[in-house]
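Everything on this sheet refers to the single structure shown next.
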Amino acid sequence: MRYSRLLLPTTKETPNDASLASHIYLIRAGLIQSVGGSGLYNFLPLGKKILDKVRAVVKEELDKAGCQEVSLSFVTPSALWDESGRLEKYGKELLRFKDRKDNDFILGPTHEEMMVNLVRQTVKSYKQLPLNLYQINLKFRDEIRPRFGLMRGREFLMKDGYSFHSSTEDMLREFALMEETYKKIFTRLGLEFRVVEADSGAIGGSGSKEFMVLADSGEDTIVVCNDCEYGANIEAATCQPKVYDTHTACKTVIKKALYDEGKSLCVGFVLPQDAELQETKACNSVDANDLIECDTQQSPSIVVIEETLGAAVDPNAFDAEEINYADIVAVQEGDTCAMCGGALRYTKGIEAGHIFQLGTRYSEPMGTHFLDENGKTQPMVMGTYGIGVSRLLAAIIEQNHDDKGCIWTKESAPFALQIIISNIKDDAQVALGEKLYEAMLSLGVDVLLDDRKDRFGAKMSDYELLGVPHAVVIGKNLSEGKVEFVTRKGMSSIEVDADGILDFLRDTL
RNA sequence: CGGAGUGUAGCGCAGUCUGGUAGCGCACCUGGUUUGGGACCAGGGGGUCGAAGGUUCGAGUCCUUUCACUCCGACCA
């Protein structure tokens with residue numbers, strides 16, 4: 001590709017609403033363009049190209065693992081969501097609308113219902129199982145607060161996969177296979193990540209693991225052990241139980257728990273004075289959709305006592321209809337690891353992938369059955385597996401950038417090599433640049449030739465901003481028969497004889 | 001939804017208090033000089049001033065209503 005023909009609108013100024021490196025550089029490097037704000041973005045040619053490369057890595061590894069790609073309708077009938085009971089649970093994040101006949105539709109935020117619907121119409125026998133189907137398509141979530149560019153857009157590209165099994169054992173086998181496959185994907189993309197235990201959220205199900213790309217700018221707090229492999233989202237993290245007695249000072253946190261059809265209950269959470277309530281755990285402990293602040297100090301109808309308090313608290317002290325025990329306390333830094341006894345600490349991560357053991361959460365209510373060897377009707381056992389593909393672009397930049405711009409990893413780079421002709425009016429420089437460009441193309445190297453009538457400084461700045469892994473700078477040293485080979489990471493450069501540059505590139509790239 | 005703020009050229013902003021020719025920087029176009037770190041000179045194009053209503057001889061500016069977006073806190077790949 002010739003730079004002079006490329007639509008790549010780089011800018012010197014940072015957009016005023018961008019605070020994250022990935023957001024700033026995606027826009028400044030001319031990869032994406034904001035569409036009237038509010039979490040909607042256009043992908044410009046090179047942004048699209050990078051997205052396609054990341055997508056290709058995801059697809060290759062999944063196909064190798066035996067998954068099959070499909071493409072589900074983006075617009076989905078609300079009726080399906082009624083069947084699974086998620087229409088209410090998902091709440092306002094669903095973008096709902098009507099067609100001209102007044103039928104209700106939503107834009108899919110994730111496609112469990114659609115995939116289940118597809119499979120229940122086509123799969124009837126245990127002989128057709130197991131099955132792992134996925135798609136890499138647009139999703140829409142009407143986020144309360146979109147921000148950070150591609151990190152939390154409202155429209156985004158997600159890979160969502162669903163597996164169907166005749167037994168829980170087989171689903172667990174596939175779950176493990178997907179964990180391995182995901183590790184391969186993130187490793188190929190050059191990311192530093194950690195697999196952690198997670199809460200299952202609105203999708204439901206039992207076991208779930210998140211793939212966290214480690215970055216200080218990550219939105220999730222994850223708890224990791226200094227001494228072993230243990231890692232968990234703060235929402236699901238556990239530690240060795242602490243010991244309390246009747247002298248332990250306790251506090252009660254009052255919250256309003258929200259349920260389907262507008263129902264709500266006042267709940268009191270009892271925990272040690274110096275502990276912190278973990279809202280997700282608390283929410284799960286009462287099977288609520290959400291917890292909100294309770295305005296009045298009314299007496300709670302349910303009391304949940306932190307389980308490690310045990311006998312340290314007298315349950316008769318509360319005037320409530322129901323008293324339960326559950327893990328509702330947030331793990332603190334310095335707590336003891338339940339696996340090995342080491343010290344736990346916090347770190348930040350970007351949730352780039354999430355795998356769930358769904359069980360029969362969707363197949364049961366939606367009537368997705370098959371006939372087993374004995375001709376008996378059984379609900380299929382399911383797993384579901386997601387990767388935020390467009391978010392991965394942001395995650396790659398968060399982990400790979402400097403104060404000049406992006407530093408793309410090998411598998412994600414928009415080009416393998418950039419050839420920079422310093423002065424377009426110098427015939428010798430142009431001649432070598434063109435020759436090298438043609439040679440690289442014929443070798444099958446994806447190369448960008450900067451043939452613009454710009455000054456050296458402008459070209460170098462654009463090179464650093466875009467972040468192609470390597471460049472050849474053909475400049476004034478050509479009069480002494482030398483060119484420069486530059487590596488974007490660290491901006492180190494070495495002088496190479498102009499005569500030998502072609503061989504050098506053949507050996508190096 | 002709570003709190004704070006902003007809407008004026010593609011982007012970033014001034015002008016609004018005190019009503020009177022629509023401005024600046026970047027980007028863009030033309031010509032010329034320049035070519036190792038975003039250069040310079042000269043000329044040029046580009047605007048429903050977020051929207052609606054009102055006050056006024058006259059509204060970007062004052063009044064009312066409304067919409068959108070951004071930032072800080074509770075959802076999620």
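Numbered from 1 within each chain, the chains take letters A, B, ... in sequence-line order.
- In this structure, A:Lys49 satisfies the cation-pi test against A:Phe415, with its NZ or CZ atom closer than 6.0 Å to the six-membered ring centre and inside 45 degrees of the ring normal.
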Can you tabulate the close N/O pairs, meaning under 3.5 Å, that link protein atoms to atoms of nucleotides 32-37 of chain B?
unit_1 : atom_1 : unit_2   : atom_2 : d
B:U34  : O2     : A:Arg455 : NH1    : 2.8
B:U34  : O4     : A:Lys453 : NZ     : 3.2
B:U35  : O2'    : A:Asn423 : ND2    : 2.9
B:U35  : O2     : A:Asp454 : O      : 3.3
B:U35  : O4     : A:Lys425 : NZ     : 3.4
B:G36  : O2'    : A:Lys476 : NZ     : 3.4
B:G36  : N7     : A:Lys476 : N      : 3.1
B:G36  : O6     : A:Gly475 : N      : 3.4
B:G36  : O6     : A:Lys476 : N      : 3.2
B:G36  : N1     : A:Glu484 : OE2    : 2.6
B:G36  : N2     : A:Glu484 : OE2    : 3.0
B:G37  : O4'    : A:Gly457 : N      : 3.4
B:G37  : N1     : A:Glu464 : OE2    : 3.1
B:G37  : N2     : A:Glu464 : OE1    : 2.4
B:G37  : N2     : A:Glu464 : OE2    : 3.3

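- Nucleotide B:G20: paired with B:C57 (Watson-Crick or G-U wobble, both distances less than 3.5 Å).
- Comparing the P positions of B:A9 and B:G23 gives a spacing of 14 Å, expressed to the nearest Å.
- The backbone N or O of A:Ile222 sits nowhere less than 3.5 Å from a side-chain atom of A:Tyr346 that would complete a donor-acceptor pair.
- Checking A:His111 against A:Gln135 by side-chain atom types alone, a donor-acceptor pair falls below 3.5 Å.
- Counting only residues at least two apart or on different chains, the salt bridge (Lys or Arg N to Asp or Glu O under 4.0 Å) pairs with a member in residues 390-402 of chain A are A:Asp402-A:Arg488.
- When heavy atoms are screened at a 4.0 angstrom cut-off, A:Glu351 is found touching the sugar-phosphate backbone but no base atom.
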Tabulate protein N/O versus nucleotide N/O from nucleotides 6-9 of chain B, keeping only pairs under 3.5 Å, one per line.
none

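- The nearest whole Å value for the distance from the CG atom in A:Leu7 to the C1' atom in B:C28 is 14 Å.
- Pair check for B:G43 finds B:C29; Watson-Crick or G-U wobble, both atom distances under 3.5 Å.
- Rounding to whole angstrom units, NZ of residue A:Lys281 and P of B:A74 are separated by 17 Å.
- Residue side chain A:Arg145 does not reach the base of B:C71 through any donor-acceptor N/O pair under 3.5 Å, judged by distance alone.
- Here B:A77 presents its P atom at 13 Å from NZ of A:Lys159, a figure rounded to the nearest Å.
- Mapping A:His23 and A:Glu219 onto RNA chain B by nearest heavy atom places A:His23 at the nucleotide closer to the 5' end.
- Across all strands shown, B:C76 forms no Watson-Crick or G-U wobble pair with both key distances under 3.5 Å.
- Look at the C1' atom in both B:G47 and B:A4: the space between them is 30 Å, to the nearest Å.
- The separation of B:G2 from B:G12, taken at their P atoms, amounts to 28 Å, rounded to a whole angstrom.
- Side-chain contact annotation: A:Glu174 with A:Asn132, donor-acceptor N/O pair under 3.5 Å present.
- Counting only N and O atoms by type, the side chains of A:Asn233 and A:Glu197 include no donor and acceptor under 3.5 Å apart.
- Taking a cutoff of 4.0 Å between a charged side-chain nitrogen and a carboxylate oxygen, A:Asp454 and A:Lys459 do not qualify as a salt bridge.
- Rounded to an integer number of Å, the gap from CD of A:Glu13 to C1' of B:C11 is 6 Å.
- Checking B:A68 for Watson-Crick or G-U wobble geometry (two distances, each under 3.5 Å) identifies B:U6 as its partner.
- Rounded to whole Å, the separation between the C1' atoms of B:U61 and B:G19 comes to 6 Å.
- Look at the C1' atom in both B:U64 and B:U56: the space between them is 16 Å, to the nearest Å.
- Spacing of P atoms, B:A22 relative to B:U16, comes out at 15 Å, to the nearest Å.
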Report the C-alpha separation of A:Ile185 and A:Phe211 in whole Å, then their side-chain angles, then the decisive distance to 0.1 Å, and conclude whether the side-chain contact (heavy atoms from CB on, under 4.5 Å) test is met.
-> CA-CA 11 Å; A:Ile185 291 169; A:Phe211 289 73; over 6 Å; no
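- The nearest whole Å value for the distance from the CG atom in A:Asn284 to the P atom in B:C75 is 11 Å.
- Of the residues near RNA chain B, A:Gly388 and A:Ser19, the one whose nearest nucleotide (by heavy atom distance) lies more toward the 5' end is A:Ser19.
- To the nearest angstrom, C1' of B:C13 lies 16 Å from NZ of A:Lys12.
- What you find for A:Ala198 and A:Ala236 is that their closest heavy atoms are C-CB, 3.6 Å.
- Across all strands shown, A:Asp462 has heavy atoms under 4.0 Å from base atoms, whether or not it also approaches the sugar-phosphate.
- Nucleotide B:A14 is matched to nothing when pairs are restricted to Watson-Crick or G-U wobble geometry with both distances under 3.5 angstrom.
- Remark: the A:Tyr385 side chain and the A:Ser163 side chain contain an N/O donor-acceptor pair separated by less than 3.5 Å.
- One C1' atom belongs to B:G3, the other to B:C63, and the distance between them is 26 Å to the nearest Å.
- Counting non-hydrogen atoms under 4.0 angstrom, A:Glu143 reaches a base of the nucleic acid.
- Here A:Arg452 lies out of heavy-atom contact (under 4.0 Å) with every strand.
- In this structure, A:Leu277 places its CG atom 13 Å from P of B:A74, rounding to the nearest Å.
- The side chain of A:Arg154 approaches B:C69 more closely than any other nucleotide in the set B:C69, B:A77, B:C72.
- Remark: the separation of the C1' atoms in B:G54 and B:C41 is 50 Å, to the nearest Å.
- Comment: A:Asp462 engages A:Arg452 in a salt bridge, judged by a side-chain N to carboxylate O separation of less than 4.0 angstrom.
- Of the N and O atoms on the side chains of A:Thr110 and A:Asp160, not one donor lies less than 3.5 Å from an acceptor on the other residue.
- Nucleotide B:U35 forms no Watson-Crick or G-U wobble pair with any nucleotide shown, as no partner meets the under 3.5 Å limit on both distances.
- Atom CG of A:Asp450 and atom C1' of B:G38 are 13 Å apart (whole Å).
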